[in-house]
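Here, residue 1 is the first one in the sequence, and each next residue gets the next number.
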Amino acid sequence: MEIQREHYLNEIKLRENNGMVKIITGVRRCGKSYLLFQLFLKDLLARGVERSQIIDIALDGIENEGLREPHALYDHVKSQITENQQYYVLLDEIQFVDRFPEVLNSLLRMENVDIYVTGSNSKFLSSDILTEFRGRGDEIRVRPLSFDEYVTAYDGTEEDALNDYMVFGGMPRILSMRTDEQKSKYLTDLFQETYLKDIMERNQIKNSNEMEDLVNILASAVGSLTNPAKLANTFHTVLRSEITDKTLKSYIDHLEDAFLIESAIRYDIKGKKYINTPMKFYFVDPGLRNARLGFRQIEETHLMENMIFNELKTRGCAVDVGLIEINEKGKNGKRIRKRLEVDFIAYKGNNKYYIQSAFALPDEEKKRQEERPLLNIHDFFKKIVVVGNHIKLKRDDMGIVTMGLREFLLNPNSLEL
């Protein structure tokens, strides 16, 4: 079944003929090539673009090995272009070409050429690839399947789909696998043999054990506040390692650079300032996170929080962790200061959303606990509590909206309900 990744297809179409190289980035195996060479190409043809106006080359194919030499690729593309037509150049796995930024910058000088590229090795996955184009690159970040995309190709109920998605995530190939064993092996091998090897080779990391230990710690504590200093202390006391916080910071940067993890820093809501440390880390896909831990730690609370974070990022939101300080009277009558956490502050355009993730609200006490930080925010932006079970959307007298996780993930307008 063809999954229509309309969000990303629209992102590409919005950038057509903008005079820049469209660079499709994202973690490996998340569907970048499929997006460009299946969905976008088909869309161009449906809009009346002639096939001769589309120059598409898969540079990882043996049939195109000769085009990996920069002058050969440039000459080949140029030979198919005439002055009186618009051309679309689609290049897959561009990292196979030496000096590819020079090739693309040269093609960009042709006024009737619109260029799109993907790449899948660690060099191309690096977020600093845009600097290679000196401001003439326009990045389109692709992520694994959202739950909304995943459920369109899932053979079963929405409830079963959500349970599977929470465990195995949204890497597209997962949907073609029939057994849990196949899915587990695929994700485990992908993480170990592709992602980690790429990161260590690219950054010339010699001590693979330290990097693997760091990944395991971050995966085990997904959504928990931490920083390199705290992590270094864990390495010293638990693993008897002398690794420094500076080295751990560089390792975290490498993992973020390869799009495996993302960070969310804290924002003081009343003080209107950022607190750079500690911060939270989330994995780009829950299945990859679970695979890293051998599927031994399926904590629904933390995984749900990770899924909400990913959904907000997919929708184009900037995301922080909220902090709000309150003063209240203690048992002895003295006023004490407390810090309450808002799981997420999401920003999109001029809109702001405060979001709490609560896997279950079994009683009024738990409900008050989750709503307490939101009730202490005195502005008029939307306040939302997302719960794990499927419930009917509610809005209380204080304006707090409570909705189920499925509603939040499946309704593209759920932030506005």
- Just do the side chain to side chain contact (heavy atoms under 4.5 Å, CB included) check on Asp257 and Arg202 with the steps written out, would you? CA-CA 11 Å; Asp257 200 41; Arg202 167 179 163 77; 3.5 Å; yes
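- Residues Glu256 and Ser263 have side chains that bring a donor and an acceptor to within less than 3.5 angstrom of each other.
- Under the 30°/60° scheme for interplanar angles, the aromatic rings of Phe40 and Tyr88 are found to stand perpendicular.
- Summarising the geometry, atom OG1 belonging to Thr314 is positioned 10.5 Å from atom CG belonging to Asp148; distances are rounded to the nearest 0.5 Å.
- Checking side-chain atoms of Tyr34 against main-chain N and O of Ile3 turns up a donor-acceptor pair under 3.5 Å.
- Counted within 6.0 Å of CG on Asp155, heavy atoms from surrounding residues, nucleotides or ligands total 12 or fewer; the atom is thus considered open.
- A salt bridge is defined here as a Lys NZ or Arg NE, NH1 or NH2 lying under 4.0 Å from an Asp or Glu carboxylate O, and Glu11 with Arg15 meets this definition.
- Considering CD of Glu212 and CD1 of Ile217, their distance stands at 12.0 Å, rounded to 0.5 Å.
- For the pair Arg315 and Phe408, the cation sits on the ring face: its NZ or CZ lies under 6.0 Å from the ring centre, inside 45° of the axis.
- Dense packing is recorded around CG of Asn84, with more than 12 heavy atoms of other residues, nucleotides or ligands lying under 6.0 Å away.
- More than 12 heavy atoms of other residues, nucleotides or ligands lie within 6.0 Å of NZ in Lys270, so this atom counts as buried by the packing criterion.
- With Arg395 contributing its side chain and Leu417 its backbone, the two residues share a donor-acceptor pair below 3.5 Å.
- In this structure, Lys382 forms no cation-pi arrangement with Tyr353, as its terminal cationic atom is not both closer than 6.0 Å to the ring centre and no more than 45° off the ring axis.
- For Glu83, the CD atom sits in a loose shell: 12 or fewer heavy atoms of surrounding residues, nucleotides or ligands are nearer than 6.0 Å.
- Closest of all the heavy-atom pairs between Tyr154 and Thr157 is CE2-O, 3.8 Å.
- Glu407 contributes no side-chain N or O that, together with a main-chain N or O of Gly404, makes up a donor-acceptor pair within less than 3.5 Å.
- One finds a salt bridge joining Lys367 and Glu371 here, because a Lys/Arg side-chain nitrogen approaches an Asp/Glu carboxylate oxygen to under 4.0 Å.
- The pair Lys249-Asp253 meets the salt-bridge criterion, since a charged nitrogen lies less than 4.0 angstrom from a carboxylate oxygen.
- Atoms CD1 and CD1, on Ile81 and Ile55 in that order, are 4.5 Å from each other to the nearest 0.5 Å.
- The closest donor-acceptor contact from the side chain of Glu416 to the backbone of Asn413 lies at 3.5 Å or more, if one exists at all.
- Within 6.0 Å of CD in Glu6 there are 12 or fewer heavy atoms belonging to other residues, nucleotides or ligands.
- When atom types are taken as modelled, the side chain of Asp43 and the backbone of Leu39 share no donor-acceptor pair closer than 3.5 angstrom.
- Proximity of a side-chain donor or acceptor of Glu69 to a complementary backbone N or O of Ala72 within less than 3.5 Å is detected.
- Heavy atoms of other residues, nucleotides or ligands lying less than 6.0 angstrom from NZ of Lys13 number more than 12.
- Note on Asp268 versus Arg339: no salt bridge recorded, every NZ/NE/NH1/NH2 to OD/OE distance being 4.0 Å or above.
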